[in-house]
Amino acid sequence: RRSSDLKEFLNKEYMDALLSTIGKYPGITETIFKRELFLLIEHYRNVFLSAGLIGGILITLGSLFIVSNTIKLTIYSKSKTITIMKLIGASDGFIKRPFLFEGLLQGILGGIISSLFIFILLKTASFLLDYSLSIDVRLYGAVVFSGALLGFTGSYFSARKFLS
């Protein structure tokens, strides 16, 4: 089975059923299951998953804030050029497009750097633990895509707010 298929076995109900099944085999007189330890591990796993979710949300909001402020600073630094472009008849979409592209590019670069960091961290951990660790290649693409999405979203809201 793949590790993603093993999630269904990570609960106390399955462990109880497994112990009951094993106890029925001939020759097995006793089964020992440290329920308290299992429940403690399950509790901490849920705490870490919740902390990871909260951390992910905070990082996402921070990324949006950073990209938005970077685009805002870029807009302010080019305010004279933007004013001239508006005076000669440039549309808002034409003016916003380079800023949206810049935010998208920042997000893609951030995603690539994050993917490289994850890859290096994984290889280092594999080397230090002397155990082969691997992550599905699609995760790297998802990290780059989510970086691009965050970059574009941050620049979109910033450009919409400060170029109107």
Side-chain angles (χ1 to χ4, degrees), residues 1-12 14 38-164:
R1 284 185 169 257
R2 293 186 349 223
S3 62
S4 62
D5 296 335
L6 296 177
K7 291 178 184 176
E8 63 189 79
F9 304 116
L10 296 175
N11 60 48
K12 62 183 178 181
Y14 176 78
F38 183 80
L39 293 175
L40 183 67
I41 291 171
E42 189 175 35
H43 169 72
Y44 282 118
R45 182 182 69 109
N46 291 335
V47 167
F48 285 126
L49 288 175
S50 299
L53 178 65
I54 292 169
I57 290 170
L58 290 175
I59 288 172
T60 300
L61 291 174
S63 298
L64 287 172
F65 180 73
I66 288 171
V67 169
S68 179
N69 281 333
T70 303
I71 298 300
K72 179 174 67 169
L73 290 172
T74 305
I75 289 170
Y76 282 143
S77 71
K78 297 182 180 185
S79 62
K80 288 183 181 179
T81 305
I82 292 169
T83 304
I84 292 170
M85 290 173 74
K86 283 185 176 186
L87 288 173
I88 60 171
S91 67
D92 286 342
F94 182 79
I95 295 171
K96 289 179 187 176
R97 199 171 300 128
F99 299 110
L100 296 176
F101 182 73
E102 182 179 344
L104 181 68
L105 187 62
Q106 285 179 1
I108 290 172
L109 289 175
I112 290 171
I113 291 169
S114 297
S115 292
L116 284 172
F117 180 74
I118 291 169
F119 179 78
I120 291 169
L121 186 66
L122 194 65
K123 291 301 177 186
T124 303
S126 294
F127 176 75
L128 293 176
L129 297 174
D130 198 27
Y131 184 76
S132 178
L133 298 171
S134 65
I135 293 179
D136 190 358
V137 177
R138 293 177 289 185
L139 173 72
Y140 298 116
V143 169
V144 173
F145 177 76
S146 63
L149 185 65
L150 287 172
F152 183 80
T153 304
S155 63
Y156 173 78
F157 287 117
S158 182
R160 189 177 78 175
K161 181 178 179 183
F162 296 106
L163 286 177
S164 297

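Numbering starts at 1 and runs along the sequence shown.
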*Test Phe99 against Ile82 for side-chain contact (heavy atoms from CB on, under 4.5 Å), laying out the working first.*
CA-CA 11 Å; Phe99 299 110; Ile82 292 169; 3.8 Å; yes
*Pairwise distance OG1(Thr74) to CG(Asn69) - rounded to 0.5 angstrom*: 10.5 Å
*In terms of ring plane angle, is the pair Phe152 and Tyr156 parallel, tilted or perpendicular, where the classes change at 30° and 60°?*
parallel
*Of all the heavy-atom pairs spanning Leu104 and Ala148, show the shortest one and how long it is.*
CD1-O, 3.6 Å
*Distance from Ile75 atom CD1 to Thr81 atom OG1, nearest 0.5 Å?*
12.5 Å
*For residues Lys86 and Asp92, report the shortest heavy-atom separation together with the two atoms involved.*
CE-OD1, 3.9 Å
*Provide the closest heavy-atom pair for Thr153 versus Leu149 in the form atom of the first, atom of the second, distance.*
OG1-O, 2.7 Å
_Taking every non-hydrogen atom, the tightest pair across Ser126 and Leu133_ = OG-N, 3.1 Å
_Quick check: closest heavy atoms across Pro98 and Ile95, and the distance to 0.1 Å?_
CD-O, 3.2 Å
*With no hydrogens and no angle check, is any side-chain donor or acceptor of Ser155 less than 3.5 Å from a backbone partner on Gly151?*
yes
_Minimum heavy-atom separation for Lys96 and Ala159, please, with both atom names._
CE-O, 3.9 Å
_Note, Val67 side chain near Leu150 side chain (heavy atom, < 4.5 Å)_ = no
*asked:* Rounded to the nearest 0.5 Å, what separates atom CD1 in Ile135 from atom CG in Leu122?
replied: 4.5 Å
_With rounding to the nearest 0.5 angstrom, report the OG1 to CZ distance, Thr70 to Phe65._
9.5 Å
*Phe119 CZ to Leu139 CG distance, which is reported to the nearest 0.5 Å*: 12.5 Å
*To the nearest 0.5 Å, tell me how far Met85 CE sits from Ser91 OG.*
8.5 Å
